[in-house]
Amino acid sequence: MVLAQAPSWQAALGEQFEQPYMQRLMQFLQTQADQQKVIFPPSENWFHAFEATPLDDVKVVILGQDPYHQLGQAHGLCFSVQPGVKVPPSLVNIYKELYSDLGVEPVSHGYLESWAQQGVLLLNSVLTVEQGAAGSHQGKGWERFTDEVIRVINARCQYVVFMLWGSYAQKKGACIDEGRHLVLKAPHPSPLSSYRGFFGCQHFSQANDYLTQQGRPAINWQLPPQG
């Protein structure tokens, strides 16, 4: 079972792996490997977001687009990089907003595992990429799978905060029932768009206020000093 390390997700999504689109996607990835293409993240981390955040624990969903495509960065959580890797520009801006919003001190690493373990699903729309080729695995089937992930959360969970940053994430989250969940929208935190409204959006305090109001534990956004 592909999601054997994530049994709650396996129960909800396992049938997706029997669908023709997923079989085509897996064949594409196998062909890439046979051609000696380097794929990020490593295959053991393709579904790490689901292993780190069980379905029943999801409190917040942050939607990204593609994994980082340079050596050593991606490990299956959107916006997160492995310990020892330079913090990417978008995550630098996320840290700036966290400090402005909640006084959360920026850390020197970009390893977001502690968020995932508290119920923050760090979900990319596309779960793989070829080294050095941004967007190279778009349109191969991952988007359909992650649409199903969002549909499952929308239907099976209650009182989840969706942070939709940028037009891509907002379109992908269009199906979310705002009567059951809190949907927060802002421009993307990349340096190209962060000054158009990501800075000052206060999504992190709004998320914690909402969770607390619904009787759910707030997220401790302060990352440990060492990744």
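As the structure is a prediction and not an experimental result, all values here were calculated from the model.
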| message | Would the distance check show the side chain of N93 and the main-chain N or O of P189 forming a donor-acceptor pair, the cut-off being under 3.5 Å? | response | yes
Applied to residues 154-167, the side-chain hydrogen bond (donor to acceptor under 3.5 Å, both in side chains) test, sequence neighbours excluded, yields W165-H203
Please determine whether the number of non-hydrogen atoms from other residues, nucleotides or ligands lying under 6.0 Å from atom NZ of K86 exceeds 12. no
Are E97 and Q202 close enough, and set up right, to give a side chain to side chain contact (heavy atoms under 4.5 Å, CB included), and what steps lead you there?
CA-CA 7 Å; E97 176 57 24; Q202 299 183 318; 4.3 Å; yes
- Query: Got F50 and V149 here, is their nearest side-chain heavy-atom distance under 4.5 Å?
  - Reply: yes
Given 3.5 Å as the limit, does a donor-acceptor pair link the side chain of Q73 with the main chain of V81, or not? no
Item to complete: Kindly indicate, with the supporting measurements, whether the criterion side chain to side chain donor-acceptor pair (under 3.5 Å) is fulfilled by Q30 and D34.
Response: CA-CA 6 Å; Q30 183 60 55; D34 292 345; 2.8 Å; yes
task = Using a 4.5 Å cut-off on heavy atoms from C-beta on, say whether the side chain of D66 contacts that of H137.
result = no
Checklist entry - Do the side chain of E148 and the main chain of L13 share a donor and acceptor less than 3.5 angstrom apart? => result no
Checking D57, L55, V58 against S8 for side-chain contact (heavy atoms from CB on, under 4.5 Å), the one that qualifies is L55
Review point. Does V60 share a hydrophobic cluster with I150, counting links as ILVMFWY side-chain heavy atoms below 4.5 Å and allowing steps through other members?
Key: no
Side chain to side chain contact (heavy atoms under 4.5 Å, CB included), that's the test. Do C201 and L184 meet it? Break it down for me. CA-CA 9 Å; C201 69; L184 301 175; over 6 Å; no
Practice item. Assess whether side chain to side chain contact (heavy atoms under 4.5 Å, CB included) is satisfied between V107 and Q222, documenting all intermediate values. Key: CA-CA 9 Å; V107 290; Q222 180 66 63; 3.9 Å; yes
For V129, the hydrophobic cluster (side chain heavy atoms closer than 4.5 Å, chained through members) also holds V38, F40, L71
Item checked: Close side-chain approach of W46 to V2, heavy-atom, < 4.5 Å -> no
- Verify the cluster assignment for V61 and F204: are they in a single hydrophobic cluster under the rule of side-chain heavy atoms below 4.5 Å apart? no
Practice item. Give the cluster check for Y111 versus Y68: same hydrophobic cluster or not, with ILVMFWY residues linked at side-chain heavy-atom distances below 4.5 Å. Key: no
Separation between CG (L223) and CD (E105), nearest 0.5 Å, reads 12.0 Å
Trace of the side chain to side chain contact (heavy atoms under 4.5 Å, CB included) decision for L112 with L91: CA-CA 10 Å; L112 306 183; L91 187 51; 4.1 Å; yes
Shared ILVMFWY cluster between V104 and L77, side chains joined below 4.5 angstrom? yes
Quiz item: Under 4.5 Å between any side-chain heavy atoms of L122 and C78, yes or no?
Solution: yes
Ring pair (Phe, Tyr, Trp, His ring centres under 6.0 Å) test vs W142 passes for just one of Y21, F47, F28, namely F47
| message | Does K172 form a side chain to side chain donor-acceptor pair (under 3.5 Å) with T146? I'd like the steps, not just the answer. | response | CA-CA 9 Å; K172 193 168 181 70; T146 51; 3.0 Å; yes
Item to complete: Evaluate the side-chain proximity of F198 to I94: yes if any heavy-atom separation is below 4.5 Å, no if none is.
Response: yes
Checking the side chain of H181 only, and the main-chain atoms of V160 only, is there a donor and an acceptor separated by less than 3.5 Å? yes
| Considering only heavy atoms from C-beta outward, does the side chain of H75 approach that of S80 to under 4.5 Å? | yes
Should the pair F199 and Y195 be assigned to parallel (<30°), tilted (30 to 60°) or perpendicular (>60°) ring geometry? perpendicular
Q.
Whether the side chain of E143 engages the backbone of S125 through a donor-acceptor N/O pair (distance < 3.5 Å, no angle test) should be reported.
A. no
Are Y168 and V183 connected in a single hydrophobic cluster, I mean Ile/Leu/Val/Met/Phe/Trp/Tyr linked by side-chain heavy atoms less than 4.5 Å apart?
no
* Do the ring planes of F79 and H188 sit parallel (below 30°), tilted (30 to 60°) or perpendicular (above 60°)? -> tilted
